[in-house]
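Below: the structure, in structure tokens.
Side chains included, hydrogens not; waters and symmetry mates left out as well; all remaining heavy atoms used. Along the sequence shown, residues carry numbers from 1.
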Amino acid sequence: MFYVLGVPLFLLHLRSFDWRWLRDSVIAQLALTYLGYFLLSALWSDGLTWQSITDLLRVSVLVLLFLVTTLQMGVRNPHFPDRLFLCYAVIAGVSLIVDFGAAAFGLLPFGERFTGVGLATHPIIGATLYGVALLLSAFALLPRATTWRLRLAWLAVIALCAAFMVLSGSRGPLIALAAALAVGFAIAHRRAAVLVLVLVVCGIGIGVLFNFQPVELLYQREQSGHFGIWQQVLAAIAERPWFGYGSLADMTFEVSTGSFRSPHNLPLANQFYGGLPATILLAGLLLAAARQSWRSARAGEPIYLVLLAFGLVASLFDTRSLVQNLGREWITLWLPIALLAAQEVPLRRASPS
């Protein structure tokens, strides 16, 4: 469905894309340079095959289309981010009402780690996606709500998302949420502290309702083996520190909990695959995005800095790279980066050269 309906629409947008926008966005330029270097690094990969390079090219083209389309819509329509945030939060709220309703009637299994449908059947991905919806509701939609009904609606979405995240038993997204909330509370209006109370009450309340001990599960569950993976990745990086193993390298990391192909940490994975140039490019991209998000926060829009904090902390636990095996990274990192790039264009054009 995506390739039949989604990609053709992206391609149609290219006809009216003003390529000069790339000149006016440092974030977009760094993103494209990073993408190009990751493609180039495939040339010195041990796992270079026609099949692997074709898949890497496929994902790279999708990232390019995603960036270009988001940049175009963001530049041409300043209300695009607000509409996008609204749709995302509404869909998340409706989905969770269905999920919890199905669980209450026994139509959806309620095991040790609660999951939803679609991508949310994976508890980590689900917790991350609903964490984004929680932050959008808390720091973008709730402050702009003009009626008490809208405020109650966004508080309900926050409560549902918080409950899902706790019941999923996913520790990484919860740590990322805590970091994002800390950033949000530091730069947003002080009334946002009320949201903390909502999160705590909902997490405890849902746990009691379903006779579930989410807090105990979070620390009693078996260790995920991240530290063992990171140690092996660091040892491998020490052998090839300059240009890494190439973007198509396929290495398995053995830990007590099983075998893993992913370094499970974006900075380490970036250095492992692309070496020092990839690390410099990624650092430059994230710093440029952080600078623009700080400007937005000073202008009264803290949501971009909050989303960036959430995405960065989440990427420390379950990310392979920003080009390979993409899943939640479309939403947690590429989306705020692309929206921030769109903000740069009018600002650069308005400023005197």
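Atom CG of D46 sits about 10.0 Å away from atom CG of L248, to the nearest 0.5 Å. Atom-to-atom distance recorded for E301:CD and R295:CZ is 14.0 Å, nearest 0.5 angstrom.
Aromatic ring centres of Y245 and Y273 lie farther apart than the 6.0 Å criterion allows. Separation of the F66 and W334 ring centroids does not fall under the 6.0 Å cut-off.
A donor-acceptor distance shorter than 3.5 angstrom exists from the side chain of E344 to the backbone of V26, with no hydrogens or angles considered. Here the side chain of S41 pairs no donor or acceptor atom with the backbone of G246 at under 3.5 angstrom.
With L129 as reference, I331 is the one residue of I124, T332, I331 to meet the side-chain contact (heavy atoms from CB on, under 4.5 Å) rule. Only one option out of T279, N265, I237 pairs with F272 in a side-chain contact (heavy atoms from CB on, under 4.5 Å); it is I237.
One finds a salt bridge joining D82 and R144 here, because a Lys/Arg side-chain nitrogen approaches an Asp/Glu carboxylate oxygen to under 4.0 Å.
Using a 4.5 Å heavy-atom cutoff, the side chains of R328 and V132 are not in contact.
Residues S247 and Q324 have side chains that never bring a donor and an acceptor to within less than 3.5 angstrom of each other.
Using the six-membered ring where Trp is involved, Y34 and F38 have ring planes that are tilted, between 30° and 60° apart.
Both Y3 and V61 are part of a single hydrophobic cluster, where members link through side-chain heavy atoms under 4.5 Å apart.
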